[in-house]
Structures are given as structure tokens and as C-alpha cells.
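Each remark here refers to the structure printed beneath this line.
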There are 4 protein chains.
Amino acid sequence: MAGNSFGKLFKLTTFGESHGTAIGGIIDGCPAGIKLDFDAIKNDMNRRKPGQSKIVTQRKEPDSVDFFSGIFEGITTGTPIGFVINNTNQKSKDYSHIKDVYRPSHADYTYDKKYGVRDYRGGGRSSARETACRVVAGAIAKQMLNHIKINAYTSAVGAIQLETSYEDLDFNLIESNPVRCPDSAAAKAMIERIAEVKKKGDTIGGVVTCVIQNVPPGLGEPVFDKLHAELGKAMLSINAVKGFEYGSGFKGAQMLGSDHNDRFNKDGSTQTNLSGGVQGGISNGMDIYFNVAFKPVATTLQKQETINASGEVVEMQGKGRHDPCVVPRAVPIVEAMAALVMADFTLLRRQETKDW
Amino acid sequence: MAGNSFGKLFKLTTFGESHGTAIGGIIDGCPAGIKLDFDAIKNDMNRRKPGQSKIVTQRKEPDSVDFFSGIFEGITTGTPIGFVINNTNQKSKDYSHIKDVYRPSHADYTYDKKYGVRDYRGGGRSSARETACRVVAGAIAKQMLNHIKINAYTSAVGAIQLETSYEDLDFNLIESNPVRCPDSAAAKAMIERIAEVKKKGDTIGGVVTCVIQNVPPGLGEPVFDKLHAELGKAMLSINAVKGFEYGSGFKGAQMLGSDHNDRFNKDGSTQTNLSGGVQGGISNGMDIYFNVAFKPVATTLQKQETINASGEVVEMQGKGRHDPCVVPRAVPIVEAMAALVMADFTLLRRQETKDW
Amino acid sequence: MAGNSFGKLFKLTTFGESHGTAIGGIIDGCPAGIKLDFDAIKNDMNRRKPGQSKIVTQRKEPDSVDFFSGIFEGITTGTPIGFVINNTNQKSKDYSHIKDVYRPSHADYTYDKKYGVRDYRGGGRSSARETACRVVAGAIAKQMLNHIKINAYTSAVGAIQLETSYEDLDFNLIESNPVRCPDSAAAKAMIERIAEVKKKGDTIGGVVTCVIQNVPPGLGEPVFDKLHAELGKAMLSINAVKGFEYGSGFKGAQMLGSDHNDRFNKDGSTQTNLSGGVQGGISNGMDIYFNVAFKPVATTLQKQETINASGEVVEMQGKGRHDPCVVPRAVPIVEAMAALVMADFTLLRRQETKDW
Amino acid sequence: MAGNSFGKLFKLTTFGESHGTAIGGIIDGCPAGIKLDFDAIKNDMNRRKPGQSKIVTQRKEPDSVDFFSGIFEGITTGTPIGFVINNTNQKSKDYSHIKDVYRPSHADYTYDKKYGVRDYRGGGRSSARETACRVVAGAIAKQMLNHIKINAYTSAVGAIQLETSYEDLDFNLIESNPVRCPDSAAAKAMIERIAEVKKKGDTIGGVVTCVIQNVPPGLGEPVFDKLHAELGKAMLSINAVKGFEYGSGFKGAQMLGSDHNDRFNKDGSTQTNLSGGVQGGISNGMDIYFNVAFKPVATTLQKQETINASGEVVEMQGKGRHDPCVVPRAVPIVEAMAALVMADFTLLRRQETKDW
């Protein structure tokens with residue numbers, strides 16, 4: 001039902017198809033009095049936008065955002081923030097060849113089954129283009145979260161995995177390379193792997209790791225709206241995501257309780273953090289960290305057989321300019337969704353504090 | 001905010017602490033006219049309840065549910081279904097020794113930080129006791145989902161992993177052994193492993209796999225309320241869950257697009273199903289399958305150091321009767337949460353169909 | 001969709017039919033640390049319960065409430081408060097005669113049309129019995145609202161209307177008579193009128209006025225969730241309510257702007273209060289006051305013709321013990337719903353305050 | 001919390017200040033496959049827009065709406081419909097004189113108290129300008145409601161009241177005069193009264209009556225989301241509304257049960273309709289009718305004393321072009337909100353029907 005909103009107190013609702021006039025959204029519930037840093041918003045937009053490096057799609061989209069309301073003299077007023085991003089790069093003709101064709105592992109077929117009608121020009125609503133709106137809202141959420149720090153980075157491209165724990169990484173290096181991996185050796189290997197895959201007209205998957213630091217204890221709601229459950233939903237709502245794990249994650253399922261328990265220090269912090277900063281769905285003040293698995297982009301430039309709306313087998317070949325690997329551009333999207341979740345729980349937390 | 005409800009159209013709200021008088025809930029939005037099979041509800045309750053086998057806690061709780069409303073002459077009336085499960089087994093004295101103590105990797109500390117006050121007798125609201133209410137609602141949801149079939153089973157206990165794909169398993173064997181693994185050889189190994197761990201007073205993690213079959217296409221909402229995102233949130237809201245993956249999951253992150261894409265058959269089905277039955281957040285009619293990772297139970301019977309509310313280091317040792325491995329009893333809980341998600345999207349789907 | 005919940009942050013969900021085993025509810029979102037005054041809750045229950053005076057139904061229901069969770073050692077814990085009120089007075093046989101009969105101006109017909117099945121024993125879910133749960137939650141909400149004072153009273157019974165403005169009334173007199181009118185002369189006339197109507201086996205309508213004082217400025221949400229809009233919905237959700245007006249109300253529609261505007265004093269208060277304490281949907285710190293119109297109870301003890309489920313004309317005559325006028329017992333219900341609205345906006349308000 | 005959304009399944013979220021760049025909204029949940037009549041949308045916009053007749057504000061605003069998504073080749077796709085209406089007529093200088101001034105009976109003071117910062121140019125978010133977005137969404141909702149007919153009209157301007165029952169009126173005459181009263185004699189008197197008031201620089205209140213016909217039985221949700229309760233909230237959320245009554249309304253509070261009960265005909269219809277088409281919160285198939293009371297516009301052109309943000313008394317005089325009576329332009333807004341409520345309950349109703 002009306003599934004295009006995210007959050008309860010800090011609430012984003014988005015609209016827009018990849019090849020319509022524009023995409024945009026409304027941020028409802030952003031507190032008043034926040035002096036916005038528009039450069040920071042622009043910077044996150046640039047990290048997500050196409051054409052930023054050789055290893056991502058060469059499509060050109062300025063992705064400039066127009067704010068229509070909720071901001072007066074640079075300061076949020078507490079009223080809804082409406083914004084629009086124009087689609088300047090609608091090469092509809094690029095898509096005419098797939099008008100009736102269901103591209104394998106795309107949402108063409110399911111949208112047709114669900115709605116009976118669809119904007120066949122590209123991904124329409126299912127296109128990752130929609131995530132640009134998430135980045136806008138996330139960038140504003142980050143500015144609301146004074147102290148909480150959110151950093152995401154590429155921790156795997158295909159089989160190339162960064163084994164180093166986040167504690168031993170320098171987050172300042174994330175933006176030092178186009179693949180957004182804070183380890184220069186791993187980054188180099190990942191970039192080469194992507195280049196190789198791209199040359200074959202193929203695509204490859206990967207993993208984004210996200211770390212949330214300086215989190216106050218008490219964020220998250222028992223029992224269904226646990227902090228990590230909302231983070232999981234937020235990440236799984238991003239295009240191409242197939243899995244989510246936090247703290248010890250799937251490895252934790254192989255462990256013994258005697259090894260998995262995090263011992264307390266006297267100040268309430270813990271000596272280990274296999275819990276991943278959350279106990280019983282509520283933040284405990286330790287770092288929150290999680291992994292997000294992305295499948296390879298479904299659009300390859302190789303010939304493949306598929307069917308059309310009439311159930312006829314047709315041959316197709318992806319055209320246009322697509323990402324050989326979605327992960328580098330997904331990093332700011334993961335951060336944005338994490339920021340939306342933390343903003344929502346931060347606002348919610350305020351009504352629980354005892355000092356009436 | 002009021003995080004004790006799940007679902008939008010088929011909505012469950014629960015209450016209750018592990019050591020209060022009772023737990024219970026309200027199912028709001030269950031359609032009228034469903035003739036309830038109370039034995040089926042009782043059966044799911046029995047699969048979750050303690051004391052059902054040697055490899056789970058020996059605690060005895062009948063877990064009988066009293067329905068107070070929304071059902072007339074055995075048929076649902078469309079009004080809210082209120083139900084209560086009495087806590088017959090409150091051994092409060094078992095817990096007196098941890099009144100001020102924060103048990104490692106439990107929610108004692110975070111609840112204290114969040115609320116400033118808590119029911120210190122056992123897990124209180126954070127206890128898995130609450131999941132009994134989910135099983136009640138899930139059992140009713142299953143009866144609403146005429147055709148959709150939901151089967152969960154234990155696919156891993158610690159390092160013992162069932163490699164067989166779900167397609168090659170006989171779900172009728174799930175209940176043939178106490179660990180709920182439909183492969184007798186693997187089941188035997190898992191049971192032995194749990195017994196071994198139990199003898200040491202330790203605990204161990206594991207994985208539950210769930211398969212949803214006969215799903216009509218069109219369930220799930222773009223863009224934030226994707227079907228797999230809601231399933232992920234549902235599973236991550238279960239106690240002790242650390243990770244969720246569907247379809248190709250984390251393995252998919254290592255694959256190439258040319259290998260990952262699912263080719264269509266003429267009827268719209270696909271030759272492979274790495275997508276896991278969902279495209280763009282909407283069901284495509286293929287089987288939905290996913291894995292849920294559970295950490296080892298935090299309460300071990302071994303001595304461990306921890307702190308109390310005053311920050312003093314104290315030694316504690318778990319008492320009472322706890323599960324050495326939560327996975328066997330988690331199987332019906334995973335099914336219940338899956339049923340709640342499918343019921344919600346099934347009701348929602350009805351308002352989209354074109355035939356006004 | 002699942003319309004049995006009220007509120008967003010302070011959220012009440014109720015269940016129960018008039019002739020089921022029990023009714024009850026869950027209060028989710030009540031802050032932790034409130035030391036509950038159970039006598040105050042009992043007192044509000046007694047003000048609503050049947051059999052409390054000669055001018056209300058002589059039905060006897062103790063209406064004692066059992067709390068199952070969310071309260072530990074008399075203090076709220078922040079977890080959901082589950083409660084149940086047993087139906088001790090189910091005279092089902094009283095209702096056997098209307099099994100297939102649609103009583104005029106009752107909900108029998110509409111429930112049948114909506115659900116196709118219903119609990120025909122009395123009003124079922126549509127019975128005002130359900131409001132007992134609202135009074136429980138409202139009594140707890142009142143205790144959360146330290147300073148805000150909520151007083152409702154009977155301002156009209158049929159044509160007998162209390163003309164005195166609330167400012168000239170002594171709210172301490174509200175409970176001094178069974179009709180709950182703080183003006184003894186008017187109260188006397190109202191009581192006589194009700195007795196007269198009762199003798200004829202007839203019923204009569206009336207008006208409840210409610211005044212909310214010591215309200216801080218800033219409560220209420222633009223643009224759809226205006227404070228008075230939520231109050232209006234809350235009141236209109238009470239059985240038998242036909243109208244709601246606040247401040248100048250319908251009289252205001254006849255006025256000139258030059259007469260209607262409230263002049264400011266230097267401190268921001270206003271010299272008049274035709275606005276009724278709300279501007280643009282947000283409280284301005286002045287008293288909030290409103291009127292709620294109740295229709296006459298539909299069940300009269302006079303013979304009347306109606307139809308049954310087969311569309312046959314049948315003669316019926318109300319039996320049992322019904323209220324000749326619902327207004328006296330509605331007073332605490334109006335207060336309860338007002339308290340729920342104010343509690344919700346009070347919690348919400350906290351997340352907006354600037355002092356992060 | 002994020003109070004700028006209305007509806008659950010057919011959901012409108014709006015943004016925009018009266019003097020920002022633009023206002024707009026997102027309609028989420030509109031079913032796919034509706035061929036939109038854009039002229040009908042334009043027509044409702046024109047009925048609301050300023051400058052349409054002598055008795056409304058002479059401000060000129062084209063109020064043309066741009067749709068950005070959710071519509072493909074003129075047909076709704078089921079994805080969110082994003083739209084924007086540019087503010088072409090921002091005479092900010094007109095408002096410079098009230099930068100720090102709190103206009104009496106406006107929301108300047110309450111927004112300042114709530115948010116601590118506001119767009120002081122005119123009403124900002126509290127301006128009725130926002131209702132243009134409601135009319136856009138309402139016009140689309142009307143097109144979804146094939147059979148249900150919604151007609152609103154002016155039934156009172158100040159003391160001039162139209163006594164004729166809606167059944168004896170010809171709705172085709174509503175648009176035959178600028179005051180939108182389907183009785184030409186009453187219309188003439190109302191227009192003269194408004195002209196008179198306008199000459200004095202004063203304003204006057206009035207009443208809008210709305211009639212919803214061809215409503216199927218079964219719409220509306222027990223117990224809190226009653227059909228008339230949602231209609232009441234919808235109307236009370238419109239600027240300047242002070243009261244709502246449906247069916248017998250406040251008059252019903254003076255009646256006897258023996259007079260108020262609606263007798264059934266054999267087909268389930270009723271001989272009278274004092275209930276106003278709703279029983280127990282659920283539609284019964286009879287006409288739904290209600291009255292909405294509007295206060296006089298707060299901005300008069302007469303000199304008045306007020307205070308500024310520093311609490312100093314200042315003299316002010318409304319400038320610019322304001323409505324002497326809001327009622328004629330409110331008629332399409334009342335219809336729009338009624339349409340949104342009916343659309344929401346119509347979609348919701350679909351998930352209850354028995355034919356699985």
C-alpha cells in the first residue's frame with residue numbers, strides 16, 4: 001500500500017520514473033532550525049551520479065536538485081521539503097527495442113503482472129535512478145545527526161574481498177579511488193577486475209560495508225521495529241541487494257555462545273563487538289556495522305535470449321551505457337538509507353527521554 | 001514509535017513480558033469468513049513451545065491460547081482477534097540473582113539505557129517468549145493464504161551445513177526429527193553437535209531456510225516496501241537473528257551478470273531462480289527462498305564475568321533451563337513471520353486488481 | 001484497514017465484542033517511568049460503567065480491568081500495556097429474538113453487508129461496550145499529561161441547553177449530580193427530562209462540552225493532522241456522535257471577521273478566544289473547547305417495525321436495560337479520547353524542540 | 001509526526017508555502033489503468049482558483065499543474081503521481097510590512113511557537129494555497145470512483161441560510177452562480193451580502209453542504225476509523241473550518257429516539273435518512289450528507305491592533321487582495337477531501353470482499 005514512503009517521523013516519499021520529466025520527493029518531519037550545507041548535499045549527489053569515473057556508466061546526468069519548500073533563508077522551517085531532479089538525459093529511443101521485451105532479471109515482467117501497464121522506456125519506477133532522491137534526503141538526514149558518523153565503502157567486488165576489519169581502515173581513503181575501497185591494494189585489484197568484466201560486456205556483483213559510529217544508546221524499538229531490522233529493510237529496499245548481515249552476521253551462526261558473547265567493560269562498553277552495536281533491537285553505544293550484498297547488474301551488453309509480452313522468444317542485447325558494477329555508486333546510497341533510519345530513530349528517541 | 005505492531009492490512013500487535021501474568025496480542029484486519037482450524041494453530045504452538053524434545057530447553061509451558069474476540073462460531077468476523085497466552089511457568093526466583101546484573105549479549109543493558117526501568121525477571125519484553133504470539137497470528141495467516149505454501153527447516157547448526165538445494169528435499173521429513181532438518185543424515189549430525197555443546201553448558205548458532213511456494217505474481221510494493229525487504233525486516237525482528245539473504249544472496253555478490261540472469265521460459269517462468277522469486281521487489285511467481293542466520297543463545301551455563309547497574313564487575317552463571325541451540329524452535333517462528341508478510345501483501349494486492 | 005488503533009506515538013488498539021468473553025486493548029508507546037494511580041483509572045471506569053445511577057442503564061457490569069504487561073512495581077516500563085476487561089454480564093438470551101433482525105439505526109445491517117457474518121448477540125463490535133477500553137487508556141494518558149487539564153460535562157439534553165459559558169462554571173460540580181452538568185438548576189431539569197423520556201420507553205440526545213486547559217503552544221501538525229482535526233476524528237469515532245464544533249463553531253459561520261478575530265495581549269494570549277485555542281491546527285496556549293453532539297440511543301423500548309436478513313418485515317421491541325440518554329456516561333469517554341489526542345501530540349512535540 | 005499526508009491506500013502528501021517557488025504533492029496508491037481526464041482536473045482547479053469572480057479575491061494565479069510521473073500515455077501506471085504547481089504570483093513586498101507581526105487569528109504566532117522559524121511572507125505553509133494540491137488529488141480520486149457522485153454547495157453565508165433539503169435541489173445549478181448555491185434566490189441574497197461586507201473591508205463566514213451519492217454499503221472501518229470520523233477529520237483539516245456535522249447533526253441531539261430512528265424498507269434502504277448514510281461507521285447505501293462550517297476570513301482590510309514578535313503593540317491593516325468570503329472557493333475543496341476519503345475506503349473495501 002502506497003509503498004513509496006520511508007520512515008515515520010523523518011519521512012521520505014519519492015516519485016518518478018527513469019525516463020519521465022523528473023523524479024523527486026518530499027521530506028516530511030525534518031526538524032526546524034537546521035542550517036543546510038548545500039555543498040554537502042551536492043557532494044553526495046556527485047558520488048552517486050553516473051559518469052563520475054571510468055568504472056561506472058558513462059551516462060551524463062547533472063543530477064542537480066531544486067528545493068521548492070521547507071527551507072527559508074537556508075534554514076529548515078519544519079514544513080515539508082519538496083524537491084525535484086529533472087531527467088535531462090532521456091534517450092527514449094535507446095529503449096524502443098525493448099518496448100514489449102521482458103529483460104531477464106529485470107522488473108519488466110513483474111511490473112506488467114502487477115499493474116497491467118508500465119512505462120516501458122527503461123526501468124521506469126524500478127530503475128536505480130530513483131535512488132538519487134534517497135541520496136538527497138539522506139544528505140539532509142546526515143546534517144540532522146550532529147554527532148553520529150556514517151561511513152560506507154566497497155568491501156568486495158566479485159571474489160576480491162577486503163579482509164581487513166573496519167577498525168583498521170582509514171575512512172579518509174574511501175574517496176581516494178573510484179571503487180571507494182579504503183585499502184589501495186584491494187582497490188587496485190577491484191578496479192582491474194571491473195575493467196576486465198566491462199571489456200567482456202559483462203557485469204559483476206559486490207559488497208558494501210557500512211559503519212555507524214558515535215551512536216547514543218537507546219535507539220531502536222522493540223519488538224518488530226528493531227534498529228537492525230529497519231536497517232535491514234532499508235538496505236534490502238535498494239536495487240540489486242540480495243543480502244544483509246550485521247555484527248557477526250552469517251559467521252555468527254557457526255559460533256559457540258562462549259565465543260560470541262561480548263564482555264562488558266565497567267563503563268558499559270564491550271571488549272568485543274560481535275553484537276554489532278545492537279542488543280534486543282536497541283543500540284548499546286558501540287559501533288554499528290553491517291554488510292550489504294549486491295548482485296551483478298542485470299543489463300549486460302552480451303546477446304541473450306528472452307521473451308516478449310506475447311511469450312515469444314526474442315534475442316536481445318543491452319544497449320546504452322550501463323554500470324559494469326553497481327557497488328561504487330551504491331556506497332553513498334547505503335549511507336543515505338542508514339542516515340534515514342538513524343534520523344527516524346533519533347527523533348523518536350526524543351519522546352522517550354524522562355525529563356518532561 | 002509504538003514498535004509492537006507488524007503489518008498494515010493484516011496487522012499484529014503484541015504485548016507481554018516473559019515473567020508477567022500473560023502475553024498476548026491483537027490481530028486486526030483478518031478478513032471475515034475464514035473457518036479456523038484450531039488444531040493447526042495448536043500444532044504450530046507446539047512446534048515452538050519449550051520442552052518438546054531433548055535438544056531444546058526443558059522448561060515446561062503449555063502455551064495454550066485463549067481467543068477473546070473476532071471469532072464467532074469458529075469463523076472469523078472481520079473484527080479484531082484478541083488473544084492471551086498465560087505465563088504458567090514464572091520461576092521468578094531463578095532470576096533474582098541477576099536483578100541488577102547486565103547479562104553479556106542480552107538486552108538488559110540497552111533496555112535500562114532506553115527506558116531507565118525494566119522488569120528484571122528474565123528477558124522481560126526482549127525474551128523470545130514474545131514470539132509465541134507471532135506463531136498464533138502466523139498460524140491464522142497461513143489459513144488465509146489458501147494456496148501459498150510456506151516451509152522452513154534447519155539448514156545449518158554451527159559448521160554442519162546442509163548443502164542440498166531445497167528442490168531436492170522432502171519437506172514431509174522436516175518434522176521427522178527434533179532438529180527439523182529434512183535430511184536424516186544431516187539431522188543426525190546436527191543433533192549430536194547440539195548434545196555435545198549442551199554437555200559443555202555452551203550454546204551454538206545455526207541457519208533456518210524458508211521456502212514460499214505457489215506465490216502469485218504481483219505481490220510486493222515498489223520502492224521501499226519491496227517484498228523481500230519486508231521479509232528481511234520480519235526475519236531480522238526475530239530474536240537472535242544476525243543476517244538475511246534471499247535468492248543467490250551473498251554468493252550472488254561474487255557472480256557475473258551473464259551467470260546470474262534467470263532466463264525466461266515462454267510461460268514467464270524462469271529456467272533458473274537466482275532471483276529468489278522476486279524482481280524489483282515484486283513476486284514473479286517462482287519460489288521465494290531465503291536464509292536466516294541465528295547467533296548462539298547468549299545464556300550459557302558457564303561462569304562468566306560481567307557488570308551490574310553500578311558498573312561493578314560481578315561473576316555470573318546462567319541458571320535455569322535454556323536452549324543450547326535456538327534454531328529448531330525458530331523454524332515455526334520463521335514460517336509465522338513469512339506468513340504475516342504474505343498475508344499483508346495478499347490483502348494489499350486485492351485493491352490493485354483491475355476488475356472494479 | 002485495521003481500523004482498531006488510535007494514535008501514532010501513544011497508540012491504543014482495542015478488541016472485543018459486547019457479548020464475547022472479554023474486551024481489552026494494548027497501549028503501545030506509553031513512556032516509561034510513570035507511577036500509575038490505579039484508583040484514578042478505576043474512578044474513570046466507574047464514571048462510564050452501567051448501573052451507576054437511576055438515569056442510566058441498570059445493567060450491572062463491574063468493569064474491572066486486569067493489566068498484563070508494561071507495568072512493573074506500579075511503574076510503566078515503556079513496553080506495551082496489555083489489558084483485559086471480562087464481560088461478566090452476557091445475557092445472550094436477551095438478544096436471541098434479534099438474531100436475524102436488523103434493528104433500526106443500529107449497525108446490524110452494515111456489519112452484515114461489510115463482513116457477511118457477525119456476532120448477532122447485541123451490538124457485537126459496534127456496541128459502546130468497546131469504549132470501556134478507551135477510558136482505561138485515556139485514564140493513563142491523563143496521568144502522562146502532568147499539567148494539561150481535561151474536563152467534560154453535559155451541556156444539553158434534548159432542548160434543555162446550558163447557556164452559561166464554561167468560564168463561568170465550577171468544574172468541581174460536574175460529578176455532583178448523575179447527569180454530569182455543573183449547573184445544578186440545569187442538571188435538575190435535565191434529570192427530570194430523562195426520567196420523563198425513560199418512562200415512555202423512549203430515548204433522547206444531548207451535547208457534551210469539553211474544555212482542555214494549560215495546553216502549551218505548539219501542539220498539532222500542519223496540514224492534515226491539525227490538532228482540532230484529530231480531536232474531531234476522535235470524538236466522531238465515539239458511538240452515537242453526529243457532530244463536532246470547536247471555538248466559535250457553527251455560530252462562527254454567521255459572524256464577521258471584524259467580530260471574530262481574537263486580539264492579542266502583549267504576552268501572546270488573546271482577549272477573546274473564538275479560535276478555541278487553536279490556530280492553523282496548532283495550539284496557541286489558550287483554552288481548547290469543543291462541543292460533541294450525541295443522537296438519541298437507537299434502542300427504545302417501544303414496538304417498532306423493521307426487517308430481518310431475508311427482507312421480511314417483522315415487529316420488534318427493545319428489551320433489556322438500555323440508556324434513555326447516553327450523554328451522562330459519554331462524559332468520561334469524551335475526556336478519554338481528548339486525553340489520547342493530547343498525549344499523542346505531546347509525545348510528538350518533544351521531537352521538535354530545538355534543544356538537541 | 002509528518003502530518004502532511006492524508007489517506008492510507010490512496011495517499012496524498014503535499015508540500016509548499018504560499019510564497020515559495022512552487023507547491024505540489026505526491027499521490028501514492030492510485031490504481032493503475034485509469035485513463036485520466038485532464039480537463040476535469042483543470043475544471044476543479046479553476047473552481048478553486050482566485051480571480052474567478054467578483055466575490056472572490058482578485059489575485060491572479062493560473063494554477064496550472066505539471067505531472068511528472070505515474071502517468072504514461074494518459075493512463076495511470078500504479079506508481080506515485082508527482083505533481084507541481086508553480087507560484088507565479090509571489091508579491092512578497094506585499095507582506096514585508098508583517099515580517100515580525102503576528103496577524104490576529106492567523107497561524108503566524110503558533111508556527112513561530114512551534115518551529116521557532118517561519119517563512120513570514122504571507123501564510124507560508126498555513127496558507128489555503130496548499131489546498132490547490134488537494135483539489136488536484138481529489139479530481140483524480142473522483143475519476144477512480146466510477147459511480148460515486150460527490151456534490152458540494154454553499155448552504156449559508158453569514159445569517160443567510162438555505163433551508164431547502166438537498167433532495168429538493170438541482171445540483172446542476174451549483175455552478176450557475178459565483179457563490180455556488182443551487183437556489184437562485186438564496187444565491188442572489190448571498191452574493192449581495194458578500195458584496196456589502198466586502199465594501200466595508202470586512203469578511204464573513206458560511207457553510208458548505210456536501211452530498212455523496214451511489215455509495216455502496218460496507219465502506220468505513222470500525223471502530224476508530226469510522227467513515228464519518230475520517231470525513232470529519234478531512235473537513236476539519238481544511239483552513240478556516242470550525243465545525244462538522246453529518247446526518248441529523250447537532251439537531252439530532254435535540255431529538256427523541258422514536259423520531260430519530262430510520263425505518264427500513266424491505267430492500268434495506270430506509271424511509272428516512274437521519275443517519276446520514278452511515279451506521280456504526282460503515283456506509284449503508286443511503287446518501288451521505290454533511291455540513292462544514294467556515295469562519296470569516298481572518299484578513300480584513302480594516303485597521304486593527306496586534307503585537308509583533310517582541311510583544312510590542314503595533315497597528316496593522318490587511319493589504320493585497322483577499323477573499324471577503326471563503327465559502328464559494330471552498331466548495332471544490334470540500335468535494336476533493338470527500339473524494340480522497342471515499343477513494344481510500346473504496347480501495348480498502350476491496351481486500352475485504354469474500355471472493356478470494
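Below, chains carry the letters A, B, ... as their sequence lines are ordered, and counting in each starts from 1. Heavy atoms only: backbone and side chains are in, while hydrogens, waters and symmetry mates are out.
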Inter-residue atom distance F68(D).CZ - N86(A).CG, 0.5 Å rounding:
6.5 Å
So which atom in E73(A) and which in Y120(D) form the shortest heavy-atom distance, rounded to 0.1 Å?
OE2-OH, 3.9 Å
Would you name the heavy atoms of E17(D) and G70(A) that are closest together and state the gap between them?
OE1-N, 3.0 Å
Value for CD1 (I27(D)) from CZ (F15(A)), rounded to nearest 0.5 Å, stands at 11.5 Å
With a sphere of 6.0 Å drawn around NZ of K113(D), does it hold more than 12 non-hydrogen atoms of other residues, nucleotides or ligands?
no
Checking heavy atoms, do the side chain of Y111(A), its backbone, both or neither come under 4.5 Å from chain D?
side chain
If you look at every heavy atom in F72(D) and R118(A), which pair is closest and at what distance?
CD2-O, 3.4 Å
I would like to know whether T21(D) and D66(A) meet side-chain contact (heavy atoms from CB on, under 4.5 Å); could you show each step before the answer?
CA-CA 10 Å; T21(D) 320; D66(A) 294 319; over 6 Å; no
Pairs of heavy atoms under 4.5 Å with chain A: top-ranked of I26(D), T77(D), I23(D), T79(D)
I26(D)
Quick one: OG1 on T13(A) to CG on L12(D), what's the gap to the nearest 0.5 Å?
10.0 Å
Considering only heavy atoms and a distance below 4.5 Å, find which of C30(D), G82(D), G24(D), G25(D) pairs most often with chain A.
G82(D)
For T14(A) and P80(D), which heavy atoms make the closest approach, and how far apart are they?
O-CG, 3.5 Å
Of the non-hydrogen atoms in D28(D) and S5(A), which two are nearest, and what is the gap between them?
OD2-N, 4.3 Å
